[in-house]
Chemist: 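Mind looking over this structure? Questions follow.
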Amino acid sequence: MDFSLFHMWQQMGLVAKVVVVMLSLMSVYSIAVAVERWFCFRKGRVRSLGYIAEVQKMLGANGGLRGALGVDERWMGSPVARVIGSGVGEFVRGMDDLRNTVKDPADVEFVVDGIGRSMDRVREREIANLKRGLSALATISSSAPFVGLFGTVFGIITAFQNMADPSKGGGGLATVSAGISEALLTTAVGLAVAIVSVWFYNYFIARVDDLTIDVDETAGEILDRMLREARGQGAPTAKS
């Protein structure tokens, strides 16, 4: 007998063909998500590192966060730039508003605390954006084996039906081989799709964690810098 994929496809029942088509679509979708996420993470990582390097250079040159204002616009696509850029912008505006009105050094600390909460909200949005599509990979990796098993069940049913049909050989090996090969093929396809999808999912979750660490570390350093600058600005005013 011919056990080529093309011949097995021709011998498959309708349900098994539908299962294989569904698994093929799930595989194509998971690969498309993986490719899109790979380019997104690569762009975000490269631009985040570039943004961090430029901000560090500017802070070392003039010693103030005002010099970092607007730098994030030159590094579009960087999660770090969006989080830190929003915080720097709010800090500069807040310090300008408090320059002639602050009476208590604690007021500037309240401003920095509010900026920290605002940056946390932007951070959560950025992390959610980084995870876009990963839930689909998780769903495919967990459900593909069961979709394949669904086709396996119908393949076994086909094999038993052929065994019970005297016109198809009445139980010989050649009679049941088509149903068994159909069952095994859908199982193999389901496992292959699940394995690839779970590999993609775990890889990108690790990349999300890496970028999250970059955001958290940079945000912590910037908030410390904001607090020092805010105290330095508020102290003279508090004495007057």
Chemist: Given side-chain contact (heavy atoms from CB on, under 4.5 Å), test Asn129 with Arg125 step by step and report yes or no.
Modeler: CA-CA 6 Å; Asn129 182 61; Arg125 288 197 299 269; over 6 Å; no
Chemist: Is there a side-chain contact between Met26 and Ser143 (heavy atoms, below 4.5 Å)?
Modeler: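 Result yes, sub-4.5 Å side-chain heavy-atom pair found.
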Chemist: Are Ile31 and Ser27 side-chain neighbours, meaning at least one heavy-atom pair lies under 4.5 Å?
Modeler: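 Ile31 vs Ser27: side chains touch.
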Chemist: Is Val46 linked to Met76 within one hydrophobic cluster, defined over Ile, Leu, Val, Met, Phe, Trp and Tyr using a side-chain heavy-atom separation of less than 4.5 Å?
Modeler: no
Chemist: Rounded to the nearest 0.5 Å, how far does CG of Leu134 lie from OG of Ser197?
Modeler: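 Rounded to the nearest 0.5 Å, the OG-CG separation comes to 11.5 Å.
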Chemist: Could you go through the side-chain contact (heavy atoms from CB on, under 4.5 Å) check for Val111 and Met226 one step at a time?
Modeler: CA-CA 10 Å; Val111 171; Met226 288 179 182; over 6 Å; no
Chemist: I need the Asp72 CG to Arg47 CZ distance, nearest 0.5 Å.
Modeler: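 If I round to the nearest 0.5 Å, the distance is 12.5 Å.
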Chemist: With no hydrogens and no angle check, is any side-chain donor or acceptor of Asn202 less than 3.5 Å from a backbone partner on Val198?
Modeler: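 Such a contact is found between Asn202 side chain and Val198 backbone.
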Chemist: Ignoring hydrogens and angles, tell me if any N or O in the side chain of Thr186 forms a donor-acceptor pair with the backbone of Thr152 under 3.5 Å.
Modeler: yes
Chemist: Ignoring hydrogens and geometry, is there a side-chain-to-backbone donor-acceptor pair from Ser141 to Ala138 under 3.5 Å?
Modeler: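 Yes, Ser141 side chain to Ala138 backbone: donor-acceptor pair under 3.5 Å.
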Chemist: Would Leu14 and Phe154 satisfy side-chain contact (heavy atoms from CB on, under 4.5 Å), going step by step from the backbone distance to the final call?
Modeler: CA-CA 10 Å; Leu14 177 61; Phe154 275 88; over 6 Å; no
Chemist: Using atom types as modelled, flag every donor-acceptor pair under 3.5 Å from a side chain in residues 84-93 to any protein atom, sequence neighbours excluded.
Modeler:
residue: Ser86; atom: OG; partner: Arg82; partner atom: O; Å: 3.3
residue: Ser86; atom: OG; partner: Val83; partner atom: O; Å: 2.7
residue: Glu90; atom: OE2; partner: Ser118; partner atom: OG; Å: 2.7
residue: Arg93; atom: NH1; partner: Gly89; partner atom: O; Å: 3.4

Chemist: For residues Met22 and Val28: do they belong to one hydrophobic cluster (side chain heavy atoms under 4.5 Å, members Ile, Leu, Val, Met, Phe, Trp, Tyr)?
Modeler: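 Different clusters: Met22 never reaches Val28 through Ile, Leu, Val, Met, Phe, Trp or Tyr contacts under 4.5 Å.
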Chemist: Would Val20 end up clustered with Leu191 when hydrophobic side chains under 4.5 Å apart are linked, directly or stepwise?
Modeler: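 Shared cluster, no.
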Chemist: Is the count of non-hydrogen atoms from other residues, nucleotides or ligands lying under 6.0 Å from Tyr29 atom OH greater than 12?
Modeler: no
Chemist: Show me the donor-acceptor pairs, under 3.5 Å and distance only, between side chains in residues 206-214 and residues at least two apart or in other chains.
Modeler:
residue: Arg207; atom: NH1; partner: Tyr203; partner atom: OH; Å: 2.7
residue: Thr212; atom: OG1; partner: Val208; partner atom: O; Å: 2.7
residue: Asp214; atom: OD1; partner: Arg45; partner atom: NH1; Å: 3.4
residue: Asp214; atom: OD2; partner: Arg45; partner atom: NH1; Å: 2.1

Chemist: Distance from Lys43 atom NZ to Ser48 atom OG, nearest 0.5 Å?
Modeler: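 That separation rounds to 11.0 Å.
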Chemist: Give the minimum heavy-atom separation between Phe204 and Trp38, together with the two atoms involved.
Modeler: CE2-N, 3.6 Å
Chemist: Determine whether more than 12 heavy atoms belonging to other residues, nucleotides or ligands lie under 6.0 Å from atom CZ of Arg42.
Modeler: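 No - once you tally the heavy atoms of other residues, nucleotides and ligands closer than 6.0 Å, there are 12 at most.
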Chemist: Under 4.5 Å between side-chain heavy atoms, hopping through other hydrophobics if needed: is there a path connecting Ile140 to Leu149?
Modeler: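 No, no single cluster joins them.
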Chemist: Considering all heavy atoms of both residues, which atom of Phe200 and which atom of Ser30 are nearest to each other, and what is their separation?
Modeler: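 Nearest heavy atoms, Phe200 then Ser30: CD1-O, 4.0 Å.
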Chemist: Quick one: do Trp199 and Ile205 end up in the same hydrophobic cluster if we chain Ile, Leu, Val, Met, Phe, Trp and Tyr together by side-chain heavy atoms under 4.5 Å apart?
Modeler: no
Chemist: Looking at side-chain heavy atoms only, is the closest gap between Asp224 and Glu221 below 4.5 Å?
Modeler: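 SC-SC contact between Asp224 and Glu221 ruled out.
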Chemist: Which atoms form the tightest heavy-atom contact between Pro79 and Gly77, and what is the distance?
Modeler: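 Closest approach of Pro79 to Gly77, heavy atoms only: CD-O, 3.5 Å.
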Chemist: Are any non-hydrogen side-chain atoms of Ile115 and Met119 less than 4.5 angstrom apart?
Modeler: yes
Chemist: Taking the six-membered ring for Trp, are Phe150 and Phe146 ring centroids under 6.0 Å apart?
Modeler: no
Chemist: Can you check whether Val215 reaches Glu126 side chain to side chain, under 4.5 Å on heavy atoms?
Modeler: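 No - every pair of side-chain heavy atoms lies 4.5 Å or more apart.
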